[in-house]
Amino acid sequence: MRKEPNGEIGTLPPAETDWRRAVLVSEAHERAALWARAEAVRRDHFGDGIFVRGVIEVSNFCRQNCVYCGMRRENETLARFRLGREMILRTILEDLPASITDLNFQAGEDPVALRELVLPVVEEVAKEKPDLGISICLGTVDFRLYDDLRQAGAQGYIIKLETGDPEQYRRFQCPGTLERRLEAIHYLAGTGWSVSSGLIYGLPNQTADQAVRTLELLASLPLSGCSVSPFVPGEGTPLSSARAADLDETLNVVAALRLSSPRWIIPAVSAMNLFDPLGYVKALRAGANLATINLTPSTWRENYPLYRRNRWIMTEERVLRAIDEAGCEPRRESWLAFSRSPSASSPCLPSDRSTPEDASSIWTGLQREANHRGGR
């Protein structure tokens, strides 16, 4: 949004600008109105209930070489690991925090871990805990493995784009190709999975056009949810000395995701607390509605450096405190159960895409709210 000399926000009609761009570049005095609008949209569709999932990081082997990720295959400083099957099962079946309704298996792109660890564990967990939603985040693999995971009992798949701009995707060596990633998303959604994706905001030299194109692409996909992570320079990567993202701008993206697709499941991410101790709380107040408890055994956590070894670990205590500070409460329903229920809009419906309200309404409403706050 641009600011006029008289201090009011410019009134360019939506036909001459894109509301997503306006949201991304909103200034400090406008953000409170933006985040409040996104929080209100979340509350209209989900109330004050926040979904709580657990994540267990089962392997840090990765065949990809993304320049922003500490687990890239060329990072020779990293001690590689795969958790033992018994350790994973003990964590899930004996020590699972009571607040967790969903479980996410995460790893680098490691087909060995998928076949030898995740597949048999998912099958056993699905039998022992049938009410637990199970999601997978193991990258782009042979589509037959997706089918095997689905048959074993998994229902959700998280497959992030990081950027939807083809040139940027190639430059940062994102996984495989953008075309293959998109093909996987459509295959997963078409075979019964609830699919979530996501982006990194603030990648070096990222332009507003690239960010807007990514948001538009994500909004066009058959997704049940989407996340945004702020760029953090990764240890052991070619971008280790690059400038980090701006947290407030990343929160603008959280709000844009919520305004774009009101029924999406949108996680708050722990990396936000690296910028601000209240970063997680702010994400919930900007429209996010999913919190994640880290279940990876402490011995292995520092060797799973999506960004850096010194991670911000969201324990159950920290997650429940953040939810409370955001004025919310844990939801006792699985996000996967919700996304597949008749009460949830189909992720494929275009009516649940792009603009929950007319773009002009978003634009005018944010202008009005920001100017009202500025005049107090």
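Atom set for the values below is all heavy atoms of this structure, side chains included, hydrogens, waters and symmetry mates excluded.
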Could you list the residues that satisfy salt bridge (Lys or Arg N to Asp or Glu O under 4.0 Å) with [X], not counting sequence neighbours?
X	result
Asp148	none
Arg42	Asp48
Glu76	none
Arg150	none

Worksheet item: Does a donor on one side chain and an acceptor on the other come within less than 3.5 Å for Arg301 and Thr296?
Response: no
Discussion item. Side chains of Thr101 and Arg331 only: does a donor on one sit below 3.5 Å from an acceptor on the other?
Written reply: no
Donor-acceptor contact below 3.5 Å, side chain [X] vs main chain [Y]:
X	Y	answer
Asn294	Ile313	no
Asn60	Asn303	yes
Gln151	Asp147	no
Arg285	Glu325	yes
Arg73	Arg63	yes
Arg340	Gly192	yes
Arg258	Trp264	yes

Item to complete: Mark yes or no: Arg82 above the aromatic ring of Phe61, with NZ or CZ under 6.0 Å from the six-membered ring centre and no more than 45 degrees from the axis.
Response: yes
Worksheet entry | With sequence neighbours excluded, residues passing ring-ring contact (aromatic ring centres under 6.0 Å, His included) with Tyr146 | Phe143, Tyr157
Discussion item. Which residue in the set Glu302, Glu235, Glu57 passes salt bridge (charged side-chain N to carboxylate O under 4.0 Å, His left out) when paired with Arg311?
Written reply: Glu57
Do you know which two heavy atoms are closest between [X] and [Y], and how far apart they sit?
X	Y	value
Glu162	Leu203	O-CD1, 4.5 Å
Gly176	Gln64	N-OE1, 3.3 Å
Asp110	Ser59	OD2-OG, 2.6 Å
Ala244	Phe275	CB-CE2, 3.9 Å
Ala283	Val254	O-CG1, 3.9 Å
Val122	Leu149	CG1-O, 4.4 Å

A side-chain contact here means heavy atoms from C-beta on lying under 4.5 Å apart; do [X] and [Y] qualify?
X	Y	answer
Asn75	Arg80	yes
Asp248	Trp35	yes
Cys66	Thr237	no
Arg20	Ser260	yes
Ser99	Val319	no
Phe338	Glu333	yes
Leu145	Leu138	no
Val269	Thr250	no

Please report, to 0.1 Å, the donor-acceptor pairs under 3.5 Å made by any side chain of residues 83-93, with sequence neighbours excluded.
| unit_1 | atom_1 | unit_2 | atom_2 | d |
| --- | --- | --- | --- | --- |
| Arg85 | NH2 | Glu116 | O | 3.0 |
| Thr91 | OG1 | Met87 | O | 2.9 |

Worksheet item: What pairs with Ser334 under side-chain hydrogen bond (donor to acceptor under 3.5 Å, both in side chains), at least two apart in sequence or on another chain?
Response: Asp102
Discussion item. Taking side-chain hydrogen bond (donor to acceptor under 3.5 Å, both in side chains) as the definition, give me every residue that meets it alongside Glu74, ordered by chain and number, with sequence neighbours left out.
Written reply: Asn65
Is there a path of hydrophobic side-chain contacts, each under 4.5 Å between heavy atoms of I/L/V/M/F/W/Y residues, joining [Y] to [X]?
X	Y	result
Val58	Tyr304	yes
Phe172	Met71	no
Val232	Val67	no
Val118	Val55	no

Count the heavy atoms belonging to other residues, nucleotides or ligands that lie under 6.0 Å from [atom1] of [X], then report whether that count exceeds 12.
X	atom1	value
Arg243	CZ	no
Arg332	CZ	yes
Glu317	CD	no

Discussion item. Show, in sequence, the C-alpha distance, side-chain angles and deciding distance for Glu124 and Lys127, and conclude whether the salt bridge (Lys or Arg N to Asp or Glu O under 4.0 Å) test is met.
Written reply: CA-CA 5 Å; Glu124 185 161 350; Lys127 291 177 182 176; over 6 Å; no
Would you compute the distance between atom [atom1] of [X] and atom [atom2] of [Y] and round it to the nearest 0.5 angstrom?
X	Y	atom1	atom2	value
Glu39	Asn289	CD	CG	11.5 Å
Asp209	Arg213	CG	CZ	5.5 Å
Leu251	Leu34	CG	CG	9.5 Å
Gln106	Ile56	CD	CD1	11.0 Å
Ser197	Leu161	OG	CG	3.5 Å
Leu223	Ser194	CG	OG	10.5 Å

Worksheet, complete the sentence: The residue among Leu221, Leu188, Ile158 that forms side chain to side chain contact (heavy atoms under 4.5 Å, CB included) with Val195 is Leu188
Discussion item. Here's a test for you: under side chain to side chain contact (heavy atoms under 4.5 Å, CB included), which of Pro267, Ser196, Ser227 qualifies with Leu290?
Written reply: Pro267
Worksheet item: Going by the salt bridge (charged side-chain N to carboxylate O under 4.0 Å, His left out) test, which pairs reach into residues 267-284, not counting sequence neighbours?
Response: Asp276-Lys282
Fill in: Among Asn205, Thr163, Thr214, Thr207, the one residue meeting side chain to side chain donor-acceptor pair (under 3.5 Å) with Gln168
Thr163
Fill in: Connected hydrophobic set around Leu320, excluding itself, where side chains approach under 4.5 Å
none
Fill in: Residue pairs, two or more places apart or on separate chains, that pass ring pair (Phe, Tyr, Trp, His ring centres under 6.0 Å) and touch residues 63-107
Phe81-Trp300
Discussion item. Strictly by ring pair (Phe, Tyr, Trp, His ring centres under 6.0 Å), give each pair with a member in residues 117-137 just once, sequence neighbours left out.
Written reply: none
